[in-house]
Number of protein chains: 2
Amino acid sequence: MRDEDERPRRLTRAETKARTRALLLEAAAQVFARKGFAGASVDDIAESAGFSTGALYSNFASKDELFVELLSKRSGSRLAEAAEIVSDRSGSVEDEQALLSRLLVDVAGEDMDLAPLQAEFWLYAIRRPEFQERMAAQFRANRDALSTVLADRAKERGQSGDVPFDGVATVVMALFQGLVQLRRMDPELVPENLYGDAVHWLFSGLSAAHRAKD
Amino acid sequence: MRDEDERPRRLTRAETKARTRALLLEAAAQVFARKGFAGASVDDIAESAGFSTGALYSNFASKDELFVELLSKRSGSRLAEAAEIVSDRSGSVEDEQALLSRLLVDVAGEDMDLAPLQAEFWLYAIRRPEFQERMAAQFRANRDALSTVLADRAKERGQSGDVPFDGVATVVMALFQGLVQLRRMDPELVPENLYGDAVHWLFSGLSAAHRAKD
DNA sequence: GTCTATAAGACGATAGAC
DNA sequence: GTCTATCGTCTTATAGAC
């Protein structure tokens, strides 16, 4: 039971285990994204992380638990950035469009695993009623954050009213997801600035519809 | 070798085979939608169609071929309806919104297999470069059809110009996909008329942006 | 806490009877 | 043209060495 190393350990036992867990989760994200939930084997994941299946099962009860853990951690990583962009009133409208478009291009092009992983999460959730509500709650939280930002911005600009911010936030997020998927299929289908343009059209159409009611 | 039925056969041999193929494809669509491509077994599919695996393999070379066949047949089944709605100038703008929203509600709610199947197609395609282009071409064909309809409508209304109809069509389709997925996750996230509203906002914002440039 | 080895079963696909 | 039976492989998860 004694440790062979007498000098102070750099990593405690709990820390090395946490590190193993983190490495396994990272590898799992990649393998699940590349082969899908059913298509990925636990051997793939463990080996890709540099461990054995035994090590994996000492950290996670099952393949499902590993996947669900991922779903919990990797929820609104990128959406926070979008909310930040929209809430930042220092830039011009053109800057905002450019930044939103850039975000979409990044998600579709650079973080190659995110979009397929999100699709796997969605499929997993709609097939298991017990997780459907959990994922819906996650989305609602994200939407509420964006919705609040939109409402604040509208108030600052003196646009009073009955604008359905929740609906607009939902549309902005759904469009993002849809365009990311299309751009992953063929980048030429979704030009660099299409998302920014679309959000711009949406907002100006929205404020027009709102003004008309005054 | 003789048929036990002496009266003229209702189905020729080729017809029964075609019928078997059709039944297998139908069952495959359901099982793939419910369990995913990797998660579905050929036994599941054959049994669900009322045949054995041997019968399946006498009609399809492999599980992959069966899936790809599905992908080819079930492409733009619903998009044609959307194009029809947009191209139909007999109704009011309100009718158009209502019809588009209804279409989304139908796809998300009634044809329960379509959305997950589409997601499986997308995942399958982005993981296999050789099919990615085929699916992209399918999307482009659908987009072009919608784009043409939009351009015609704009011309009729005397809106000249530099409107990027391809981009608008892409946005309308991406938004549809995104909202369908959200509504499948939780119907309350996507109210009945959100899609129609969003398309309306989009178009009025678009024509505003266009007028501004004149 | 992580490894090797293995259990128990499901998988895709094939061969041969009918 | 479809069925039954089976091959070889890969799967998730566990047990015991270290």
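Owing to the predicted nature of the structure, the values given are computational and were not obtained by experimental measurement. So that the names make sense, note that chain A is the first sequence line, chain B the second, and so on, each numbered from 1.
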Could you check which of [options] has an atom nearest any side-chain atom of [X]?
| X | options | answer |
| --- | --- | --- |
| A:Ser62 | D:dG1, D:dC3, D:dA13 | D:dA13 |
| B:Tyr57 | D:dC3, C:dG12, D:dA13 | C:dG12 |
| A:Lys17 | D:dA13, D:dT4, C:dG1 | C:dG1 |
| B:Ser58 | C:dC3, D:dT2, C:dT2 | D:dT2 |
| B:Ser52 | C:dA13, D:dA13, D:dC3 | D:dC3 |

Rounded to whole angstrom units, what separation is found between the [atom1] atom of [X] and the [atom2] atom of [N]?
| X | N | atom1 | atom2 | value |
| --- | --- | --- | --- | --- |
| B:Lys63 | C:dA13 | NZ | P | 8 Å |
| B:Glu15 | D:dT2 | CD | C1' | 18 Å |
| A:Arg21 | C:dG1 | CZ | C1' | 13 Å |
| B:Lys35 | C:dG12 | NZ | P | 11 Å |
| A:Arg19 | C:dT2 | CZ | C1' | 13 Å |
| B:Asp43 | D:dT11 | CG | P | 18 Å |
| A:Glu65 | D:dA13 | CD | P | 11 Å |
| B:Leu66 | C:dG12 | CG | C1' | 13 Å |

Exercise. Could B:Glu69 and B:Arg21 be called an ion pair, given the rule that one side-chain N must be under 4.0 Å from one carboxylate O?
Worked result: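 A salt bridge links B:Glu69 with B:Arg21.
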Exercise. Starting at the 5' end of DNA chain D, which residue's closest nucleotide do you reach first, B:Thr53 or B:Ala14?
Worked result: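 Here B:Ala14 is the residue nearer the 5' end.
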Exercise. More 5' along DNA chain D: A:Gly54 or B:Ala55, using each one's nearest nucleotide?
Worked result: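 Checking each residue's closest nucleotide, the 5'-ward one belongs to B:Ala55.
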Exercise. Under 3.5 Å, is there a donor-acceptor pair between the side chain of B:Gln132 and the main chain of A:Met185?
Worked result: yes
Exercise. Side chain of B:Arg143, backbone of B:Ala169: donor and acceptor closer than 3.5 Å?
Worked result: no
For this session: Scan B:Ser41 against the nucleic acid and name what it touches under 4.0 Å (heavy atoms): base, sugar-phosphate only, or nothing.
Result: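 Touches sugar-phosphate only.
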For this session: For B:Ala40, report the nucleic acid contact type (base, sugar-phosphate, nothing); a contact means any heavy atom under 4.0 Å.
Result: sugar-phosphate
Exercise. Are B:Phe121 and B:Phe67 close enough that their ring centers fall under 6.0 Å?
Worked result: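 Between B:Phe121 and B:Phe67, the centre distance is under 6.0 Å.
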Exercise. What class does the angle between the rings of B:Phe131 and B:Tyr124 fall in, given that below 30° is parallel, 30 to 60° is tilted and above 60° is perpendicular?
Worked result: tilted
Exercise. For B:Thr20 and D:dT2, is the shortest distance between a side-chain N/O and OP1 or OP2 below 4.0 Å?
Worked result: yes
